[in-house]
*Asks:* 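Supplied in structure tokens, the structure appears directly below.
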Amino acid sequence: MEHVDAVVVGSGFGGAVAAYRLAEAGLSVVVLERGRAYAPGDFPRGPAQLGRAFWDPAEGLYGMFDIWSFSDCDSVVASGLGGGSLVYANVMLRKDEDWFVHEQALPGGGYESWPVTRADLEPHYDAVERMIGVSPYPLSHAGFDDTLKTLAMRDAAAELGLDWRLPPLAVSFAPSPGAQPCQDVPIAGPAYGNLHGVPRRTCRLCGECDLGCNEGAKNSLDHTYLSAARHHGADLRTLHEVRRIRPRVGGGYDVQYVEHMPRGDEAGSDGDGPPRWTGPHTISCDRLVLAAGTYGTSYLLLKNRAAFPALSGTLGTRFCGNGDMLAFLLRATDRSRTRPIRASRGPVITSAIRLDDGADGRGAYIEDGGYPEFVDYLVEGADMRPGRVARFLLRRLRNILTHDTNLSAEFADLIGRGELSGTSLPLLGMGRDVPDGRLRLRDGRLDVDWTAESSEDYYERLRAIMRRIGDVLGAEYADSPPWWRKRVMTVHPLGGAPMGRHPGEGVCDAYGEVFGFPGLYVADGAALPGPVGANPSLTIAALADPTS
């Protein structure tokens, strides 16, 4: 049987950092990632590619997007080398100092207790920021100063007296640190190289961050921590999905996995047919780091609980969605005319409004949203109202009767002026919802028992301020469709194997080591005992970083 010093399951913000630090320390490290590697240029764009960009090996799908739907909430997470960094919106905010709380009992049992402080994490925040390379959106520089959605958010915040800021983004706007921001120019590579061997270019403001950056402008984990980990000898194995884990007699752990074998050509296009894999295979290790994401790590521990009988009874608890909420401001106007927003220009998120904590201490952030430019065409097509179509048909009939063969003006009117797409803005909210959800197995599958009910005051306050922003911009406010049924859609699921000060309070300690199982660590969102409030990626990475 193969044996190594450390196995890391997953390659997201916790797994990538852990793999790098372990390899840098001279240990033999194997990273088992269920998804593929994606070099710049590999991310799906056309309908045929996007239609297969989802993760469901039982159906022959090996793409990036893994969509979960539970009774009262939905969630989107990622699959691929680099985990969520491949498809997140780049924001690297630190958790506010006052949000490292130790609270009273929550509805349904449990409570939010953080065994670390902001001061504890400060040096780790610094280390992660340096390694990934963060900078605020360069709004004051030519070529970036006309980003209308950013200016609209700034104007609305100023009128409402809200705290507007440009948060740190893991995006290369300049070809090298300290250089002038410039769009679509080559990026200087780091000394440790890049595992893809493909040139990268600076951000061209295409709004495609959440689909994967085909320019390589996003400083995702494959370009940073994972490339550095491989430089130090880490073995990065893609399409390797872990199924079982168990302690070894005498210490250490056995890890059982399968290797997916997608049908299709060697370039990675999937063909039809039944799923294929080899295995199960087993690898043993002295240290096992679980970093398969909130759902993946929690599922592995729940599924294999019989092999870990001493696991804390808090396994599965403290689930939340980090206060995520999506809403839309439609058809913004400025006095008597439309106000251009152009949400498709820029990275997905450029600015943030920090809401005060309020009487209950449950503050939040509201961030501008963006999307790829091709979505503008979908929006306009969906908004092609009967009146425009009827007018086109009447004018076409008149042209036939008058023998007018030029249809240019008629088609221009049918397509419209892009008012809906050009004057609308998604808003992304996140903050301190109540972590009283529970993850459990139902018929062998992962299930979530969690609703927005206990966080209703938080969500209503968030929606009210989003409406006020819309009022300032002269826009119509619209909830996302899931919220019509009070369903939360989260891209930041957290909890399930929470940290605590003792086994009665959490599954693992402040360093992620599981109580009662030396050498077993949780290093992802599952370890968080409550919401980060801000975008959680930086905090997850900082918690996985052992440097001082």
Side-chain angles (χ1 to χ4, degrees), residues 2 7-12 15-16 19 30-69 75-88 194-198 208 210-214 216 218 220-223 226-227 229-230 234-245 255-283 290-293 295-297 299-300 303 444-446 524:
E2 182 182 12
V7 168
V8 179
V9 182
S11 60
V30 168
V31 176
L32 300 177
E33 165 57 51
R34 65 176 182 168
R36 300 179 181 277
Y38 293 89
D42 287 348
F43 293 101
R45 287 298 183 268
Q49 293 177 313
L50 286 170
R52 300 197 63 80
F54 300 91
W55 178 262
D56 190 350
E59 299 296 329
L61 297 171
Y62 303 90
M64 290 188 302
F65 299 104
D66 189 7
I67 301 177
W68 297 71
S69 183
S75 190
V76 181
V77 294
S79 177
L81 189 64
S85 75
L86 299 176
V87 297
Y88 83 135
N194 190 285
L195 62 86
H196 299 300
V198 176
E208 297 179 355
D210 288 351
L211 295 180
C213 181
N214 272 330
K218 175 186 285 195
S220 50
L221 296 167
D222 50 334
H223 297 308
L226 292 170
S227 287
R230 194 187 70 163
D235 185 356
L236 311 179
R237 303 181 186 179
T238 57
L239 292 170
H240 284 58
E241 184 173 12
V242 173
R243 297 287 177 84
R244 293 190 179 278
I245 56 175
V255 181
Q256 188 183 94
Y257 64 91
V258 298
E259 182 177 0
H260 292 292
M261 307 289 289
R263 295 181 182 274
D265 60 38
E266 293 303 315
S269 64
D270 300 327
D272 295 328
R276 297 196 307 169
W277 59 78
T278 65
H281 309 286
T282 301
I283 183 173
L290 300 180
Y295 295 137
T297 290
Y299 176 69
L300 278 174
K303 180 181 178 182
R445 297 177 181 271
L446 190 67
D524 56 21

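Predicted, not measured: the structure shown is a model, and the values here were computed from it.
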*Asks:* Using modelled atom types only, decide if a donor and an acceptor are shared between the side chain of Arg36 and the backbone of Met64 within a distance under 3.5 Å.
*Replies:* no
*Asks:* Calculate, to the nearest 0.5 Å, the distance between atoms CZ and CG belonging to Arg45 and Asn214 respectively.
*Replies:* 4.5 Å
*Asks:* State which residues pass side chain to side chain contact (heavy atoms under 4.5 Å, CB included) with Asn194; sequence neighbours excluded, sorted by chain then number.
*Replies:* His196, Arg200, His223, Ser227
*Asks:* Ignoring hydrogens and geometry beyond distance, is a side-chain donor-acceptor pair present between Asp524 and Thr297 at under 3.5 Å?
*Replies:* yes
*Asks:* Between Glu33 (side chain) and Gly35 (backbone), is there a donor-acceptor pair under 3.5 Å?
*Replies:* yes
*Asks:* Mind checking what makes ring pair (Phe, Tyr, Trp, His ring centres under 6.0 Å) contact with Tyr88, not counting sequence neighbours?
*Replies:* Phe13
*Asks:* Would you call Asp235 and Val31 a side-chain contact if the rule is heavy atoms closer than 4.5 Å?
*Replies:* no
*Asks:* Lys218 side chain to Leu86 main-chain N or O, any donor-acceptor pair under 3.5 Å?
*Replies:* yes
*Asks:* Under the criterion side chain to side chain contact (heavy atoms under 4.5 Å, CB included), I'd like the reasoning laid out for Phe54 against Asp66: C-alpha separation, chi angles, the key distance, then a yes or no.
*Replies:* CA-CA 6 Å; Phe54 300 91; Asp66 189 7; over 6 Å; no
*Asks:* Output all residues satisfying ring pair (Phe, Tyr, Trp, His ring centres under 6.0 Å) with Tyr299, sequence neighbours left out; order by chain, then residue number.
*Replies:* none
*Asks:* How far apart are the closest heavy atoms of Arg276 and Pro262, and which atoms are they?
*Replies:* NH2-O, 4.0 Å
*Asks:* Do Asp222 and Arg230 pass the salt bridge (charged side-chain N to carboxylate O under 4.0 Å, His left out) test, and can you show the C-alpha distance, the side-chain angles, and the key distance before you say yes or no?
*Replies:* CA-CA 10 Å; Asp222 50 334; Arg230 194 187 70 163; over 6 Å; no
*Asks:* After noting the C-alpha distance and the side-chain angles of Val76 and Val87, does the key distance pass the side chain to side chain contact (heavy atoms under 4.5 Å, CB included) rule?
*Replies:* CA-CA 10 Å; Val76 181; Val87 297; over 6 Å; no
*Asks:* Does the side chain of Glu241 come under 3.5 Å of the side chain of His260 through a donor N or O and an acceptor N or O?
*Replies:* yes
*Asks:* Quick one: are Val8 and Val30 in side-chain contact, heavy atoms under 4.5 Å?
*Replies:* no
*Asks:* Which pair of non-hydrogen atoms, one from Gly80 and one from Ser11, has the smallest distance, and what is that distance?
*Replies:* O-OG, 3.4 Å
*Asks:* Taking all non-hydrogen atoms of both residues into account, name the closest pair between Pro44 and Leu211 and its distance.
*Replies:* CD-O, 4.3 Å
*Asks:* Quick one, Tyr257 with Val9, criterion side chain to side chain contact (heavy atoms under 4.5 Å, CB included). Give me CA distance, side-chain angles, the key distance, then yes/no.
*Replies:* CA-CA 10 Å; Tyr257 64 91; Val9 182; over 6 Å; no
*Asks:* Would you please test Val7 and Ile283 for side chain to side chain contact (heavy atoms under 4.5 Å, CB included) and show each step?
*Replies:* CA-CA 8 Å; Val7 168; Ile283 183 173; 4.0 Å; yes
*Asks:* Quick one: pull up OH in Tyr38 and SG in Cys213 and give me the separation to the nearest 0.5 Å.
*Replies:* 15.0 Å
*Asks:* Hey, does Leu195 have a side-chain heavy atom less than 4.5 Å from the side chain of Leu236?
*Replies:* yes
*Asks:* On the ring face of Trp277, is Arg243 found with NZ or CZ under 6.0 Å from the centre and within 45° of the axis?
*Replies:* yes
*Asks:* Is the shortest heavy-atom distance from the side chain of His281 to the side chain of Val258 under 4.5 Å?
*Replies:* no
*Asks:* Go through the steps for Glu259 and Arg237 under the test salt bridge (charged side-chain N to carboxylate O under 4.0 Å, His left out), then give the verdict.
*Replies:* CA-CA 9 Å; Glu259 182 177 0; Arg237 303 181 186 179; over 6 Å; no
*Asks:* I'd like to know whether the aromatic ring centres of Trp55 and Phe65 sit less than 6.0 Å apart in this structure.
*Replies:* no
*Asks:* Out of curiosity, Leu32 CG to Leu239 CG, how far, rounded to the nearest 0.5 Å?
*Replies:* 11.5 Å
